2 protein chains.
Amino acid sequence: MQVTAAKSFRDLCAEHGIAVTHQRQVLYEVMQGMSGHPSPEEVYARVKKKIPAISLATVYKNIHLFVESGVFRKMSMHHGSVRVEMNSEAHHHMVCSKCKAITDIGEQELGLVSKRTRLPGGFLVERYAVDVIGLCPKCQ
Amino acid sequence: MQVTAAKSFRDLCAEHGIAVTHQRQVLYEVMQGMSGHPSPEEVYARVKKKIPAISLATVYKNIHLFVESGVFRKMSMHHGSVRVEMNSEAHHHMVCSKCKAITDIGEQELGLVSKRTRLPGGFLVERYAVDVIGLCPKCQ
DNA sequence: GTGGATGCAAACGCTTTGCAGGTTT
DNA sequence: AAACCTGCAAAGCGTTTGCATCCAC
């Protein structure tokens, strides 16, 4: 399986036109294994267990690289720092106005998304990102 | 009119339980006169023209105070800094994925908002904040 | 008079950058 | 060999904080 994983990461890098490095591969695997919207520091902490000498700067550089090259998607942030979207399915976010917790909600479950691709003013729609602001069950 | 403005600001402060100060009043008026999603620095630059000695810290403190006490609403940010929502009507945002420009779009024009107030998992909806990601006319 | 507000400067957290040395292509 | 990547340390930016002074209530 290591061979398989290594191979697909190679392919992924090839597809996105970026070089394969050990740090990059471990970073990628660690991020894949995280859910939600991890912060760079959280990612760094985990990667450090596998590569103790890795630098935080490298983590930042590669998170950006992954986002820019389309490997991961950056999410619009309610956190104060850069976050990456680890849920690859179409979904939106419920943001608790009290405790600030963010929970994913599937596009189906939310059930309000339009199919329009062009808006007044000529704006061309790529996708909708909905934040539902409200109270989570715990805070009600 | 100065009297009127002064009076309504007094009332506003009373309603929100905050003290009336000169800096606070000028800050409020300046912010009212700005549209879109001004940054603290932008606000600071304008206020400084009227009160040259004002401190940036004071601007930050009062923006937070205004947001916390409900005078203004903080918007979820695509900018890298704190932004305040100056458009008081129900609306959403169109974010250009290329040039990052943010344009408001009225709730009516967007036409996709649900009336549901409770979501799966028991989340209690206060409001929806929709970001439409896409290309603005200039970037298409 | 007392609690809160201001201004200043220093501190802060997160992120980026410059650079020397090492790795990938 | 050329281009790129890494790690380190320093710098950068936006924001917050501590504190002495000052103002609103």
Side-chain angles (χ1 to χ4, degrees), chain A residues 6-7 9-28 30-31 37-45 47-69 71-72 74-84 100, chain B residues 6-7 9-28 30 37-69 71-72 74-84 100:
Chain A
K7 184 171 182 306
F9 183 68
R10 285 206 158 271
D11 290 353
L12 189 74
C13 288
E15 281 167 28
H16 292 278
I18 65 180
V20 179
T21 70
H22 181 223
Q23 287 84 337
R24 217 164 263 179
Q25 174 160 7
V26 171
L27 185 56
Y28 175 79
V30 163
M31 289 179 75
H37 321 107
S39 71
E41 288 283 351
E42 284 162 1
V43 174
Y44 175 58
V47 174
K48 221 172 179 180
K49 289 178 186 163
K50 303 198 176 182
I51 311 179
I54 200 168
S55 154
L56 179 57
T58 300
V59 172
Y60 271 98
K61 285 170 188 168
N62 283 313
I63 288 179
H64 279 147
L65 186 74
F66 285 153
V67 169
E68 277 159 29
S69 64
V71 176
F72 292 130
K74 182 160 64 185
M75 68 170 279
S76 47
M77 37 188 176
H78 291 274
H79 313 82
S81 59
V82 167
R83 300 292 168 128
V84 172
K100 311 299 175 198
Chain B
K7 185 173 181 305
F9 183 68
R10 286 207 157 271
D11 291 352
L12 189 74
C13 289
E15 281 167 30
H16 292 277
I18 65 180
V20 179
T21 70
H22 180 225
Q23 287 85 336
R24 215 164 264 178
Q25 174 160 7
V26 172
L27 184 55
Y28 174 78
V30 164
H37 323 106
S39 71
E41 289 284 350
E42 285 162 0
V43 174
Y44 175 59
R46 290 221 196 178
V47 175
K48 220 171 179 183
K49 289 178 187 164
K50 303 198 175 183
I51 311 178
I54 200 169
S55 155
L56 180 57
T58 300
V59 172
Y60 271 99
K61 285 169 187 166
N62 283 312
I63 288 178
H64 280 145
L65 186 75
F66 285 151
V67 169
E68 278 158 28
S69 65
V71 176
F72 292 130
K74 183 161 61 184
M75 69 169 278
S76 47
M77 38 189 175
H78 290 272
H79 312 83
S81 60
V82 167
R83 300 291 168 129
V84 172
K100 311 300 175 196

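All values reported here derive from a predicted model rather than from experimental measurement. A note on names: the letters A, B, ... follow the listed sequences, proteins ahead of strands, and every chain is numbered from 1.
Within the structure, the side chain to side chain donor-acceptor pair (under 3.5 Å) test picks out the following pairs touching residues 37-47 of chain B (sequence neighbours left out): B/His37-B/His93, B/His37-B/Asp104, B/Tyr44-B/Lys48.
For B/Lys50, the side-chain hydrogen bond (donor to acceptor under 3.5 Å, both in side chains) test picks out no residue, with sequence neighbours left out.
Here the options are B/Val71, B/Val20, B/Ile18, the test is side chain to side chain contact (heavy atoms under 4.5 Å, CB included), and the partner is B/Leu12; only B/Val71 passes.
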Between side-chain atoms of residues 53-68 of chain A and protein atoms elsewhere (two or more places apart, or another chain), which donor-acceptor pairs fall under 3.5 Å?
from: A/Ser55; atom 1: OG; to: A/Ala57; atom 2: N; distance (Å): 3.0
from: A/Asn62; atom 1: OD1; to: A/Arg24; atom 2: NE; distance (Å): 2.8
from: A/Asn62; atom 1: OD1; to: A/Arg24; atom 2: NH2; distance (Å): 3.3
from: A/Asn62; atom 1: ND2; to: A/Thr58; atom 2: O; distance (Å): 3.1

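Listed pair B/Ser55 / C/dC8 fails the phosphate criterion, with no side-chain N or O lying under 4.0 Å from OP1 or OP2.
Residues B/Phe9 and B/Thr21 share a closest heavy-atom pair of CE2-O, 4.3 Å. Across all non-hydrogen atoms, the minimal contact from A/Gln23 to A/Ile51 is CA-CD1, 3.8 Å.
Taking the screw axis at each terminus of the helix from C/dG1-D/dC25 to C/dT25-D/dA1 from five consecutive base pairs, the angle between the two is 40° to within rounding of 10 degrees.
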Contact state string [nucleotides 15-25 of chain C, B base, S sugar-phosphate only, - no protein heavy atom under 4.0 Å]: BBBB-----SS
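For DNA chain D, the outermost nucleotides in 5' to 3' order that have an atom under 4.0 Å from a heavy atom of chain B are D/dG14 to D/dC25.
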